[in-house]
**Q** 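I am attaching a structure below and will ask some questions about it afterwards.
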Amino acid sequence: AVLLEASADTILERRTRIDRHRPLDMKTIIEQLELERQGAGHASRRLDIPLHIISNDGDPYSASIELAKILDEHVE
């Protein structure tokens, strides 16, 4: 399982640039991050597979390289 995750500050900054109806208050963003992490952890445990958390704060190329490495390692 893979969770692509950015910091609450990065999420807020991205949400202010995009015209979508998503919460812009930091408390809600942090709650959403926690729920996503909990959900990913639960799925990982239920499926008995490792959970890889990839930071998506900086260069998107770095996150894609990390994802490719994980897929290469776990997908036959």
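Owing to the predicted nature of the structure, the values given are computational and were not obtained by experimental measurement.
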**Q** Rounded to the nearest 0.5 Å, what's the gap from CG on L3 to CG on L33? Could you check?
**A**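 Going from the CG atom of L3 to the CG atom of L33 covers 8.5 Å.
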**Q** Shortest non-hydrogen contact from A40 to L51?
**A** CB-CD1, 3.9 Å
**Q** Between atom CD1 of I18 and atom CZ of R14, what is the distance when rounded to the nearest 0.5 Å?
**A** 8.5 Å
**Q** Quick check: closest heavy atoms across S7 and T10, and the distance to 0.1 Å?
**A** OG-OG1, 3.0 Å
**Q** Can you list every pair that meets salt bridge (charged side-chain N to carboxylate O under 4.0 Å, His left out) and has a residue in residues 27-56, with sequence neighbours left out?
**A**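 Every salt bridge (charged side-chain N to carboxylate O under 4.0 Å, His left out) pair that includes a residue of residues 27-56, provided the two are not neighbours, is E5-R37, K27-E31.
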**Q** Evaluate L35 against Q38 for side-chain contact (heavy atoms from CB on, under 4.5 Å), listing each step before the verdict.
**A** CA-CA 5 Å; L35 288 172; Q38 288 174 8; 3.9 Å; yes
**Q** State the CG-CD1 distance between L24 and I11, to the nearest 0.5 angstrom.
**A** 12.0 Å
**Q** Minimum heavy-atom separation for R15 to P23, with atom names?
**A**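 Closest approach of R15 to P23, heavy atoms only: NH1-O, 2.8 Å.
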**Q** Could you go through H52 and E66, starting from their C-alpha distance and side-chain angles, then the distance that decides it, and tell me whether this counts as side-chain contact (heavy atoms from CB on, under 4.5 Å)?
**A** CA-CA 10 Å; H52 301 274; E66 193 170 344; over 6 Å; no
**Q** So which heavy atom on S44 is nearest to which on P50, and how close?
**A**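 Looking at all heavy atoms of both residues, the closest pair is OG-C, 3.5 Å.
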**Q** For side-chain contact (heavy atoms from CB on, under 4.5 Å), just list the numbers for L4 and I53, CA-CA rounded to whole Å, side-chain angles, deciding distance to a tenth of an Å, and then say yes or no.
**A** CA-CA 6 Å; L4 214 57; I53 299 174; over 6 Å; no
**Q** Could you go through the salt bridge (Lys or Arg N to Asp or Glu O under 4.0 Å) check for E73 and K69 one step at a time?
**A** CA-CA 6 Å; E73 183 179 320; K69 288 177 184 177; over 6 Å; no
**Q** What's the spacing between R17 CZ and L12 CG if we round to 0.5 Å?
**A** 11.0 Å
**Q** First locate atom NE2 of H74, then atom CD1 of I49, and finally report the distance between them rounded to the nearest 0.5 Å.
**A** 9.0 Å
**Q** How many angstroms lie between CG in D9 and CD in E13, if you round to the nearest 0.5 Å?
**A** 9.5 Å
**Q** So V2 and I54, side-chain contact (heavy atoms from CB on, under 4.5 Å) or not? Walk me through it.
**A** CA-CA 7 Å; V2 176; I54 298 175; 3.7 Å; yes
**Q** For D57 and A6, indicate whether the former's side chain and the latter's backbone hold a donor-acceptor pair under 3.5 Å.
**A**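 Answer holds: no.
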